[in-house]
Amino acid sequence: TVQLGQFFGKQTRISLPFFYGYSLGIVNPEYDPFNPDVKLADYDIATRKEKAKAGQEFNERRSFNFTNVRKIRSSLAKHAYVWDLSNFTFSYAYSEMIRTNTLTETYRQLSQRGNVLYSYTSSASFWEPFTKINSNSQWLALLRDVNINIIPASITVRAEMDRSFIKTQLRNQLLTTDGVAPQFEKYWFFNRQYALNWNLTKSMIINYSANVNTIIDEPFGDLDTQAKRDSVIFNVRALGRAKEFDQQAGLVWRLPLQKLPLTDWMNADYTHRIGYNYFANSFNIKDSLDIPFGNIIKNTRERSINGKVDFVSLYNRIRALRWANSSNPFSKDVARNPGDEDDIIIPPKNALKSVARLLLTLRGIQVNYSINESTTLPGFNPAPGRLGMNGNWGAPGLDFVSGGQSDQIRFTAAENGWLSRSIVQNVPFTQLRQQKFTYTTQLEPNKDLRIQVEGNYNKGDNYQEFFRPTELGGPFRSQS
């Protein structure tokens, strides 16, 4: 292992760790591989060499890697910029193993993996244009609190390729390769991740994430012709064939209730989350009529609000109620101390205050209300591109990608030719909707009695149908 960055000088602040490994193992046979009862020493030199080569076990391994190659940010840097080279990190690993023995002409295992990571983080810097308004009016608090942050808190982009290639060439009974075809096992994955977190204001946070898993399709066998190599290059430039796509976005907003004098005894947070998923079917799978089954897309939408109402704060804002809500004046403890000769005087309770305090039994409420919805559409043919939509930004449409729950999406997809026309499509079009309401209430009739009341309400709706042609070449029909 060598830190190659040292060769560039400390002032460059380049980290370039390099590892190289190599091993070789050779086992020569003592006996004839064709006749195990005969030693090779019993043969003449020419025969001995021929049979020794056929029975030799050969193992060779080599590997090298560069891990977390990057430019280190200076400790004197005051700010991090989006374009800094120190935001990038590179890694690459290569390993190869070659093995031969009596029954195996060649076994070659090749593994290559590389990734590029871009990671940017910054501290929030809010612009507050009205903070210097010189006024004591509570109604202007909302205006003074206006702020915006134009710099994201973090941006992350990661691209990783993972390729594995295994070729096995076995020998026949005569220890030749005649009539024995080589076997190949290989895959090439290209995965990408994106993430964005942004404190847009002091009370609003937005986030976005996307994961894309694709496959670089390779022709069968070795890449031993120019046509095969061109095919792979084309697939790499196309960023592979999408296998899975997962996109999530969310917003959390604290409503400015506490900035207004009439509602400063309440607070509430609104959450809005959307999701879009693409699931590719098995490669080139078709029905008996040679019609592709297509893929599956799904979207989700979650809306919720969490709130708290502090009635004690409300009572204290009203002078008449503040009197009923205040504590009783201090009186002497009824527990007597040794030598205490003072008379114990217990003041009578104020009946009016007790009745008024009873009317203020409700002390606070916590409420949570949420609606979760999803739509699943099978038989979808277009592949996902930017933001999950195809190349011309048409399919499945911005409304569906952003969580829209219109049941017309299946008709729109059929009219635009996005759906498989297989008459045996067996995955239903599905829409789910779930509502949930929960609350917690604190009741305090007097200082010595506290009651907590909890409740919840749940409602779920589920709709399913098979949306497909009833006959070959016919129109799409809804089938229950």
Side-chain angles (χ1 to χ4, degrees), residues 19-65 91-115 160-191 213-236 238 240-241 243 280-286 290:
F19 168 83
Y20 180 80
Y22 180 82
S23 66
L24 177 65
I26 299 177
V27 179
N28 292 313
E30 183 179 358
Y31 292 87
D32 183 356
F34 298 96
N35 190 357
D37 295 329
V38 180
K39 290 187 175 183
L40 293 180
D42 297 337
Y43 295 109
D44 58 77
I45 296 178
T47 304
R48 185 189 311 162
K49 288 183 178 181
E50 179 183 356
K51 293 182 178 293
K53 183 178 180 180
Q56 184 184 73
E57 292 189 9
F58 177 87
N59 286 277
E60 182 182 24
R61 297 173 183 266
R62 60 167 60 90
S63 64
F64 67 88
N65 65 63
S91 297
Y92 177 77
Y94 174 95
S95 65
E96 182 181 20
M97 181 182 70
I98 298 176
R99 184 173 71 235
T100 63
N101 54 43
T102 305
L103 301 178
T104 305
E105 172 73 16
T106 303
Y107 176 86
R108 179 171 182 255
Q109 182 179 9
L110 175 66
S111 176
Q112 295 172 283
R113 175 175 292 184
N115 67 73
E160 179 180 17
M161 279 193 174
D162 182 9
R163 181 176 184 256
S164 176
F165 176 89
I166 300 176
K167 178 183 178 181
T168 306
Q169 177 63 70
L170 301 176
R171 294 188 174 118
N172 57 23
Q173 294 179 346
L174 301 178
L175 300 185
T176 67
T177 59
D178 295 339
V180 181
Q183 300 175 1
F184 295 91
E185 301 174 54
K186 54 184 179 178
Y187 63 79
W188 191 338
F189 298 141
F190 186 15
N191 301 325
N213 299 329
T214 65
I215 298 176
I216 306 295
D217 293 312
E218 296 187 55
F220 178 79
D222 285 308
L223 301 180
D224 49 6
T225 65
Q226 188 61 41
K228 290 184 177 181
R229 289 189 287 270
D230 291 343
S231 173
V232 173
I233 293 174
F234 175 82
N235 290 333
V236 171
R241 171 174 54 87
K243 187 65 177 175
N281 214 327
S282 300
F283 179 65
N284 206 28
I285 186 172
K286 301 178 180 179
D290 203 37

For the residue pair [X] and [Y], confirm or rule out a side-chain donor-acceptor distance under 3.5 Å.
{"X": "Tyr43", "Y": "Asp32", "answer": "yes"}
{"X": "Tyr92", "Y": "Gln112", "answer": "yes"}
{"X": "Glu160", "Y": "Asn191", "answer": "no"}

Atom CD1 of Ile285 with >12 non-hydrogen neighbours under 6.0 angstrom: yes
CD (Glu185) with more than 12 external heavy atoms under 6.0 Å: no
Residues that Asn65 engages under side chain to side chain donor-acceptor pair (under 3.5 Å), provided they are two or more places apart: Thr67
Option among Arg163, Met97, Lys186 that satisfies the side-chain contact (heavy atoms from CB on, under 4.5 Å) test with Leu110: Arg163
Is there side-chain contact between [X] and [Y], with at least one heavy-atom pair below 4.5 Å?
{"X": "Ile215", "Y": "Phe189", "result": "yes"}
{"X": "Arg229", "Y": "Leu223", "result": "yes"}
{"X": "Trp188", "Y": "Met161", "result": "yes"}

Shortest non-hydrogen contact between Thr104 and Leu170, atoms and distance: OG1-CD2, 3.8 Å
Plane angle bin for Phe64 and Tyr20 - parallel if under 30°, tilted between 30 and 60°, otherwise perpendicular: parallel
Note: Lys228-Asp224 ion pair, threshold 4.0 Å (strictly below): yes
Axial cation check for Tyr22 ring with Arg62, 6.0 Å and 45° limits: no
Of Arg108, Lys167, Arg61, the residue whose pairing with Glu96 passes salt bridge (charged side-chain N to carboxylate O under 4.0 Å, His left out): Arg108
